[in-house]
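Have a look at the structure below, then the notes.
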Amino acid sequence: MTSLHDGIRAWAKGIYPTEAAAELLIRSGLATDDAGFYGDTVGGLVELRADKIIDRARTYSHSQEKILRLVISLLGQQDINLKDAFRGLDRTNLQLALAAISHAAGAHEQAGWTVNDGDNGVVAHPDGPVIAWPAA
């Protein structure tokens, strides 16, 4: 783990879709010092800038560009077409993308929780997130 990654995670902390975007960028290997996706770095926080990611996305491979477009969407800056979003992703990037969506939905927080779903009463979620982040 690098200080860049720590700073991105610290900046994103507390907002599930933003955390998911940060984690997807980091785990895909696209969060590098020379990527140029970053804005202010104050107090150890490293801001992700969707506009900078958009500007650079087309310079990456097809699969990497798809991951960057998912990151941009998770940051709330651009809608994506789900019909095309996952097509052509290799298995590793597909698993990362699905884990990001699971995280953005808050599924990682549901482990061991119970919820009242109305008709079926109280339902437990002992199995953890729907799709977990792969082991680093």
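Any value given below was found using the heavy atoms of this structure, including those in side chains, with hydrogens, waters and symmetry copies removed. Keep in mind it's a predicted model, so treat the numbers as computed, not measured.
- Rounding to the nearest 0.5 angstrom, the gap separating the CH2 atom in W11 from the CD atom in E19 is 11.0 Å.
- A donor-acceptor contact shorter than 3.5 Å is absent between the side chain of K52 and the backbone of G36.
- Taking all atoms of both residues into account, the shortest heavy-atom contact from A35 to R56 is O-CD, 3.1 Å.
- L45 and I53 fall within the same hydrophobic cluster, where Ile, Leu, Val, Met, Phe, Trp and Tyr residues are linked whenever their side-chain heavy atoms come under 4.5 Å apart, directly or through other members.
- Side-chain N or O atoms of R27 include one that pairs as donor or acceptor with a backbone N or O of P134 at under 3.5 Å.
- Remark: I67 CD1 to S28 OG distance equals 6.0 Å, nearest 0.5 Å.
- Across A132 and A99, no two heavy atoms sit closer than the pair O-CB, 3.6 Å.
- Within 6.0 Å of the CG atom in D79, the count of heavy atoms belonging to other residues, nucleotides or ligands does not exceed 12.
- Following chains of ILVMFWY side-chain contacts shorter than 4.5 Å, one can reach Y38 starting from V71, so the two form part of one hydrophobic cluster.
- With rounding to the nearest 0.5 Å, the separation of CG in L70 from CG in L96 is 10.5 Å.
- Counting only heavy atoms from C-beta outward, the side chains of I101 and F86 approach each other to under 4.5 Å.
- Side-chain atoms of D40 never come within 3.5 Å of backbone atoms of V42 as a donor-acceptor pair (strictly under, hydrogens ignored).
- Linking ILVMFWY side-chain heavy atoms closer than 4.5 Å, directly or via other members, places I15 and L74 in two distinct hydrophobic clusters.
- Connection of W133 to V130 is established within a shared hydrophobic cluster, with ILVMFWY side chains joined at heavy-atom distances below 4.5 Å, either directly or through further cluster members.
- Atom CZ of residue R49 and atom CG of residue D55 lie 9.5 Å apart, to the nearest 0.5 angstrom.
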- Message: Using side-chain contact (heavy atoms from CB on, under 4.5 Å), reason through L30 and Q64 one step at a time and then give a plain yes or no.
- Response: CA-CA 8 Å; L30 296 172; Q64 290 170 325; 3.7 Å; yes
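- Salt-bridge check for D84 with R87: passed, with a basic side-chain N closer than 4.0 Å to an acidic carboxylate O.
- In this structure, S73 contributes its side chain and Q78 its backbone to a donor-acceptor pair below 3.5 Å.
- Annotation: side chain of I26 is in contact with side chain of R9 (closest heavy-atom distance under 4.5 Å).
- One distance of note links NE2 of H5 with CG of D33; it measures 7.5 Å at 0.5 Å rounding.
- Under the 3.5 Å distance criterion, the side-chain polar atoms of Q95 are left unmatched by any main-chain donor or acceptor of T92.
- The line from CG of N93 to OG of S61 is 8.0 Å long, rounded to the nearest 0.5 Å.
- Annotation: side chain of L25 is in contact with side chain of L68 (closest heavy-atom distance under 4.5 Å).
- Side chains of P17 and L75 form no contact here, defined as non-hydrogen atoms less than 4.5 Å apart.
- For the residue pair E23 / H103, no side-chain donor-acceptor distance below 3.5 Å is found, with atom types taken as modelled.
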